[in-house]
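Right, one structure below, let's go through it.
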Amino acid sequence: MDPYQTLEQLRQLLDSKQITAEELCRYFLDRMAQFDQQTNSFVSVEPEQVLAEARSADKNIDRGINGQLTGIPVAHKDNFCVRGQRTSCCSNLLSTFIAPYDATIVKNISKDGGIYFGKTNMDEFAMGTSNQTSTWGPVRNPWDLSRVPGGSSGGSAAAVAAGFVPVATGSDTGGSIRQPASFCGVTGFKPTYGRLSRYGMIAFASSLDQAGTLTRTAQDAATMFQIMQGHDPRDATSESSSNNKSVSVKHPLTIGYSASLFNDLDSDIVARIEASRKTLEQLGHKFEDVEVFDQDLALSSYYIISCAEASSNLARFDGIRYGSRTKSAASIQELYEDTRSQGFGDEVKRRLLAGTYFLSNNSPENYVQKAQKLRRMVYDLYQELFQNVDVVLAPSAPSTAFRLDEQLDSTDMYRQDRFTVPVNLCGLPAISVPCGLVNELPIGVQFIGPQYGDELILDLADRFQKETSWHLQRPKL
Ligand code: GLN
């Protein structure tokens, strides 16, 4: 059995009875048990429950009741609520929290027959770029165990790259699907804001958070997207389905390209992206030079807004309703203080302190208002850009996976996100697809679409993958 099969291939194996869902799930469970001590990509898996679900999927297959995912295991990032399962956001504070309900996308996947396989490791509360801030320990990149998988959906990216599951969910607030996808050589899709429900996805920065997927191929991402979407009355920002504004898929496209993005990148990475451009040109697409927004200004806007929203969202974790509570507090004030100082890790504390300051009246600069103005400028610039081009091509990340012991300081770590955060500030869809290896490590290229251009970039990525084989490369585990 080959662990690197697409959803379509697995569907075919199951429907033609070459394998049962139980055998398939047992195979992935065994593979995970054998290799995941090395990568630490999963934080909770209950094999007996997976197999029980698989047996009931087999009955459904026998009866011909078939979703596209019936019998196929799907992993969820640990910030998606799964009923009855620990949902910890990889934080000590939520290490005992059992979700009382399913997130909408979790429900949509299981309604289609997908088997809940387990929870993947992540940066604490999805704040990070390296998956080193998890309370359950860092994830290691299957391509090189001394390196990070990227973050914050590093567990999901590593799990798909290592062939433990065919697909996994992720969340992307400022690049957390696309950057780990680039580091791990998988396909990472972040849809338009509002197209997938945020209900039951534990909030980091609500105006930026978006669910999405890590998969082997763009075609798999498209299948998952179709299954996961749909208007959700429980999420006020969920797109109404009666109002389908999808940009129509067309070919060939005019693709925007900004040479200024590549100035400080390693020449081997630039060469891989240039080669992708050639491939796209051979497919008939036209390139046009465009000017994109100053990446560092966009980054400042992102970090101010995301920290401010996080400080408000995470105020609910005070030891009263969710997760762990300090044992020895003498007053309510002490209970809050002790629970939060013992429960949150350093990176989360850093952001909550910064966010609270940005929001306070004592902040003379009025950071948040300035950040919102910048955000609007980025948005306007992209709106204008998409008058002339269909899609923008950009790097997914400025480097390949760095080493765990490299100890980037906070600013260097934050600058890792400079190619991804503008997309979240504008609510746009984007996909990262593997475009080569540099020193035997994968690197991705990003296609950014206009709002509701999800199907357009999925189609472009699919055509790109039909011409290239980078997404088929595998790490040696
Ligand atoms: N790396 C970014 C951050 O640390 C993005 C996180 C995310 O997308 N969840 O904020």
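Counting convention: from 1, in listed order, for ligands and their atoms alike. Note that this is a predicted model, so its numbers are computed, not measured. Below, all heavy atoms of this structure are taken into account, side chains as well, without hydrogens, waters or symmetry copies.
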Task: Those protein residues which place at least one heavy atom below 4.0 Å from ligand 1 - done: A126, M127, G128, T129, S152, D172, T173, G174, G175, S176, F204, Y302, Y303, R351, D417
Open item on the list: My understanding is that only residues two or more places apart in sequence, or in another chain, count here; which of them pass ring pair (Phe, Tyr, Trp, His ring centres under 6.0 Å) with F204?
Closed with: none
Task: Within residues 336-348 or reaching into it, pairs that qualify as salt bridge (charged side-chain N to carboxylate O under 4.0 Å, His left out) - sequence neighbours excluded - done: E347-R350, E347-R351
Task: salt bridge (charged side-chain N to carboxylate O under 4.0 Å, His left out) partner of D172, chosen from K190, R178, K77 - done: R178
TODO: For the pair R147 (side chain) and A401 (backbone), establish whether a donor and an acceptor sit closer than 3.5 Å, ignoring hydrogens and angles.
DONE: yes
Task: Check: Y452 ring centroid to Y193 ring centroid under 6.0 Å - done: no
Task: Qualifying salt bridge (charged side-chain N to carboxylate O under 4.0 Å, His left out) pairs, either residue in residues 414-439, two or more places apart - done: D264-R418, D296-R415
